[in-house]
Amino acid sequence: MATYLARRVLQVIPTLFVISLLLFGLLSMKPGDPIDDMRRGNPGFTQADYDRLREFYGLDKPWYVQYWRWLGRAVRGDFGVSRQFGRPAASYIFNYRFPNTVLLSGLSLLVAFCVAVPAGVISALRQHTAVDYAITVGNFIGVSIPIFWLGIMLIYIFAVYFRGVLPAGGMVTPGVTGTWPMFVDRLRHLLLPVAALSSLQLAQWTRFMRSSMLETIQLDFVVTARSKGISERKVIFKHALKNAILPLITLVGLNVPLLFSGAILTETVFNWPGMGRAIFDAILVNDFNVAMVSLMFISLLVLAFNLLADVAYALIDPRIRYE
Amino acid sequence: MLLFVLIAIFGPWLSPYGPTQMIVADARQGPSWSHWFGTDLLGRDVFSRIIHGARSILSLTGLGALLAVIAGTTIGLASGYWGGLPDEIIMRVFDSLLAIPALLLALVLLGAVGRSQGSVLIVIAVVYVPVVARVVRSEVLAVKSLGYIEAARLRGEHLAYMLFREILPSVLPALSVEAALRFSYGIFLVASLGYLGVGVQPPTPDWGLMVKEARGTVGLTPWALYFPAGAISLLVIGLNLAADGLKSALQSASQSLSPRERARIQEARRNGAAQSALGNEGPPVGQAAMLTVRNLTAAYRVKGQWADALRDVSLEIRAGETLGVVGESGSGKSTLALAIVQYLSSNGAVRSGTLLFGGESILGQSRRALRTLRRETIALIPQDPMASLNPSIRVGEQIAEVLRLGPRSRGEEVDHRVIELVSRVRISDPSRVVRQLPHQLSGGMQQRIVIAMALAANPKLLILDEPTTGLDVTTEAAILDLVGELLSEKTRSALYISHDLGVVARVSDRIAVLYAGELLEMGPVSQVFQASEHPYTVGLLASIPRFSNQTKIGELPSMAGSTPSPTQLPEGCVFRPRCPMATPLCLERPELVSSQPEHDVRCHHRQRVATLRHTLFAATQPQSDAADQVTDHAILDLRDLEMRFPIRRSLRQIISGDSKKSVHAVNGVSLSIRSATTLGIVGESGSGKTTLVRSILGLSPHVGGRLLIEGKDVPAALAKRQRSLLGQVQAVSQNPDQALNPHLSIGASLRRQILRLTPTSRHKIRSSIDELLTQVGLTPDYASRFPPQLSGGEKQRVAIARAIASESSLLLCDEATSSLDVSIQARILNLLARVQHDMGRATLFITHDLAVVAHVADEIGVMYLGKLVETGSRRQVLEPPYHPYTEALLSAYPSIDGRDQYEAIRLSGEVPSPVDLPTGCPFHSRCPRLIGPICESLAPVWQMSESGHAVACHIPRDELAMIQTMRVGYLGSNAEDGA
């Protein structure tokens, strides 16, 4: 197990390298010259200044040379300065944006998983009943409604129609102090975005869990368990459930990129100050360093989640022994 | 869905207004007659914009997804098929792309290529290429090792043909589902990009963009938001439904039943139970009967009609008795077991009849009562122990579970009982084993645990459904010993189901023969085997290959045709179409009649069966060896052939510089086959026999030694072999279901083989195909059929036709009959013998079945752990066996001739790992005749007799001969050599 883990962790390095190369190349292809943007506000800007600044920022070199320099600095932890905010891009992202996204996505993932498993199990065990049909229809709707639309509808219903039962967006209400009120306030702000973001995964995972459970309860060892005469509850929870959840764990790991895609939309709809928005804005205004560090970081997170899913799988399923 | 496509195509004519046409006077209007979906802030008609938007989104996503599918399929096919370094690099790059969330990747890409409809299209394609490629690749990997792909490689097909004709059709189902899914995700992506304002730019009508624009004014013009958003959802729902429909349409017949069908099945079950209750008042049940089955009819609901898998079956198991049930596939023997424990699958029902356990009806019991019944009285031991043990629970706990339900179920007592039960099934070191998980145990150990589990509740009736099928013969023998021992105590009754007559004979008191769902004969073992009165039983017994003290047996007597399916039963007697004794009287269904006490037969002509028995068994009288044809011309020559598979080293091993380890599959094998002879290689799983065949074929290139065909050195890799050579060496593989490409007609499969490997001209090809089909006992009209329409035996015939199409000089058969029923196997063996006889081919026949090898082979090699341990003529090797391993194999074989008079030899332990080969003799760790440290330290050299019999053992030849003489009083053919 330990060697397997070590190998998987080491494999992340070349993957990250390829990702950074791809992203750097693509971002450099973006038309528009940042020095030009600087010139716009400064009438006294001369061609000599322009050339000097280009050289200073290394923009006169071809992109692969720039990439090499970026990589050299990046491995030492220096991701450059944000053009928008004038402070180190990495610390800006980690201190102000990253925790918010983790809060939002992590909570959504948790909610989706914790609801999907029981819903899927109930749906499978009550196959062909009204409950099952209701859950199935719900799933179909869930996978068919775009997050941004659901978000808008939630805002409209809870913040507009019911006149502010829940806040329409943002993360904090200015002026709220004290631990408990702040906690409640944060929760109120989280409710709608989490609902919107978890909807898609919730629906997908419930469907998946249902079919996985249906498949598992037909397997021989479940039949064996029944033929022993042990109670149906034990058959389901002790024998079937654990084995049925396994494939879902892999799916959760694989769905993490989808979750982050959703997070960008959710953060936009709800004005949530997270990484998704930061990346979006950075790409729009050509804030190269911020875009690069956040994209790299998200990719790293995705890879970490994939690894985590595999490890969790190995821990639950004793048959998998990674050598 | 169709509606959306239609709208997208004809939309522009439908829409009452232009998409950007502003009618300021009508701005901010709600839905009305003139503006069905209302207008937005600028006075644009929402309906018209949605219709135009449909065109934009469908064409963008559709084309994007199509591009992704085309590019992804090509890359996936090539990458999966080639494998190796290019595959690894491509997949690593794709992994990297997939680690970037799709929306972010799309944003970055759009930044790079600019914002326009064209770039959105490209972005969709780029984002989804890796996804499609991975799906296709994994499908390719699944198909790649199937028999028909390897057959295509063996005829040297070029790449494009392989990828697009052989592989692509198998990938298509998964691909079409994937395409539909990509389409639906693509809609989301395009809409999301539109919503974020980075996709299609205004004023183009785009649904996502419309949602964005309407969002701020939701209070004023809610319709401008609802309608485009609703349109997106509807479209995605439609696409998802389509993908779902595709998926379930492509899945096998195990679809879920419609509510009406379910109601029918429920009703049939209720009716059956009600009838059973009535049947209770029938004739009194015999005092000693433990289980009574009376007129049982069980059926499965298939495609809207009942298929009666069991019809009118009556039998009885008395206390302490073991009833063996034999039958080929389709006989309904497993249905019988499942019906008794009430585990018929969801589409099955007992339609009529009575099932009594100790006088109580089993049918129509409440769930609770059924649970008690299963817990306390009936235990089922199923075929596949690995599948019937929970993979994630320790085996001890799985046994303890049962005990806790009974009396005296406190912690320590339970633990104690578990250990007791595990030792009862002859597992040494039980306290260690109970802590292990099923996958850590070998197949034989797993089956022992399942038996222990079944014994835990101390049931009155054991139902064993093929408990040793799938185990190696030496393991099977040990399990049979255990089962025989448990049953001989006569404390519990048992129903033992198997397709193997030898196995059933070993453990049963009485035998019931099932055929096509009907009970044809039932009686004591000796009666049924020696004095059968049903033509089917006689035919079945005759078609089993046997060991014989005589020279090579001729053709096996075989039955024509195959078991009818329950939906297409013949009129009258079910066996009539295949019966050699059928008369017009047989159009009437015979009753099960008992002439002598205890011997029931369902046949109109039972008195005449004895004559049939005599003629059939007379047909197996010895024939002379085909010695006249034998020459010294060696077709195949192997010299010290070696094949190793490298295994991946762990990081630590790489760092610490451990030498690279590998699986030694074939470990220095030398043999030769002369023309017109058959060399049979027998060995258990892990002996390397299949790898040996694959090395000769070039599918697993050998890494050491020499491979000569017709005296010429042959390159190890298939790709380096010339086409003329490919035609010379052909193979028939084990699994007939995988041997033929299900997407190509039989004719097409054969045509390709003939075209590639023979000089036949195109206009003669039709007649060549007809000739081949006739040669293997099929009719020419089979050419237009497809493999799924054929039975297993017919598929294997086609596979043989393909192998002999090129007039090959060497035919390799890898377990060519193992998956077939005995009556079918007999005919395939006859066919192979005839084909060889006619053409003077050399044949290498690989099998685990000793009797089959004894039947087909002129010479035999016994293989163990990658090495041959004994070679020689059939008689030299088998009569008597010299090498201790050959001896153990023979002793383990469940023969219907009965060899029980000799002391059984059983092997202990497991086959050692082929990674760390044992030193000295490979068999020393399990050898029952170990002579000392020399066996562990020194590899034995071949002891040759003058007539070519060779044994690799440290025990001197004459001593080995002596052992056999003392053991079985043998004075076999080797006596003169050994002296």
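To find a chain, count down the sequence lines: A is the first, B the second, and so on, and within it residues start at 1.
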statement: Taken to the nearest 0.5 Å, the spacing of D95(B) CG from T15(A) OG1 works out to 6.5 Å

task: Name the region of L98(B), side chain, backbone, both or neither, that has any atom closer than 4.5 Å to a heavy atom of chain A.
output: backbone

statement: Bottom line for I279(A): the part with an atom under 4.5 Å from chain B's heavy atoms is side chain

message: Under 4.5 Å from any heavy atom of chain B, what part of M296(A) do you find: side chain, backbone, both or neither?
response: neither

query: Atom CZ of F221(A) and atom CD1 of I393(B): how far apart are they, to the nearest 0.5 Å?
result: 8.0 Å

L22(A), part contacting chain B, at a heavy-atom distance under 4.5 Å: side chain

query: Any idea which heavy atoms bring A112(B) and L26(A) closest together, and the distance?
result: CB-O, 3.3 Å

- request: Considering only NZ, NE, NH1 and NH2 on the basic side and carboxylate oxygens on the acidic side, decide whether E397(B) and K238(A) come within less than 4.0 Å.
  value: yes

- request: Check the pair T224(A), L389(B) against side-chain contact (heavy atoms from CB on, under 4.5 Å), reporting the backbone distance first and the verdict last.
  value: CA-CA 7 Å; T224(A) 310; L389(B) 289 169; over 6 Å; no

query: Does some side-chain heavy atom of P146(A) sit less than 4.5 Å from a side-chain heavy atom of S192(B)?
result: no

field: Distance-minimising heavy-atom pair for V223(A) and Y343(B)
entry: O-OH, 3.8 Å

query: Looking at Y195(B) and L265(A), what are the two nearest heavy atoms and their distance?
result: CD2-CD2, 4.3 Å

message: Less than 4.5 Å apart, side chain to side chain, heavy atoms only: is that true for P391(B) and N243(A)?
response: yes

- prompt: Measuring heavy-atom distances to chain B, does I145(A) have an atom under 4.5 Å in its side chain, in its backbone, in both, or in neither?
  reply: both

statement: Applying a strict 4.5 Å limit to non-hydrogen atoms, the region of I230(A) in contact with chain B is both

Interchain contact, I147(A) with chain B, by part (heavy-atom threshold 4.5 Å): neither

field: L104(B) CG to S294(A) OG distance, which is reported to the nearest 0.5 Å
entry: 9.0 Å

task: Please round to the nearest 0.5 Å and tell me the distance separating atom CG of L373(B) and atom OG of S227(A).
output: 11.5 Å

message: Checking side-chain polar atoms at under 3.5 Å, does Q398(B) have a donor or acceptor matched by the opposite partner on H239(A)?
response: no

message: Using a 4.5 angstrom heavy-atom cutoff, name the option from I100(B), V108(B), L109(B) with the most pairs to chain A.
response: V108(B)

field: P101(B) vs L258(A) side-chain heavy atoms within contact, under 4.5 Å
entry: no

- request: Check whether more than 12 heavy atoms from other residues, nucleotides or ligands sit under 6.0 Å from atom CD of E215(A), and answer yes or no.
  value: no

Approximate separation, where rounding is to 0.5 Å, of L303(A) CG and S96(B) OG: 7.5 Å

- line: Scanning both residues in full, the closest heavy-atom pair of I237(B) with S144(A) reads CG1-OG, 2.9 Å

message: Quick check on the interface: out of N390(B), V236(B), L97(B), who has the most heavy-atom pairs with chain A under 4.5 Å?
response: N390(B)

Options L23(A), D220(A), I155(A), L21(A), ranked by heavy-atom pairs under 4.5 Å with chain B, top entry: D220(A)

- prompt: Where does V143(A) contact chain B at under 4.5 Å (heavy atoms): side chain, backbone, both or neither?
  reply: both

message: Please evaluate residues F188(B) and L200(A) with respect to the criterion side-chain contact (heavy atoms from CB on, under 4.5 Å), reporting the C-alpha separation (whole Å), side-chain torsions for both, the decisive distance (0.1 Å), and the verdict.
response: CA-CA 11 Å; F188(B) 261 13; L200(A) 180 64; 4.1 Å; yes

- prompt: Side chain, backbone, both or neither: which part of V269(A) has an atom under 4.5 Å from a heavy atom of chain B?
  reply: both

message: Quick one, R92(B) and Q11(A) - any side-chain contact, counting heavy atoms below 4.5 Å?
response: yes

field: Side chain, backbone, both or neither of A457(B) within contact of chain A (heavy atoms, under 4.5 Å)
entry: neither

message: Between V18(A), L219(A), I264(A), T268(A), who has the most heavy-atom pairs with chain B when the cutoff is under 4.5 Å?
response: I264(A)

field: Of V402(B), L403(B), I399(B), the residue whose pairing with K228(A) passes side-chain contact (heavy atoms from CB on, under 4.5 Å)
entry: V402(B)

- prompt: Are any non-hydrogen side-chain atoms of I232(B) and F148(A) less than 4.5 angstrom apart?
  reply: yes

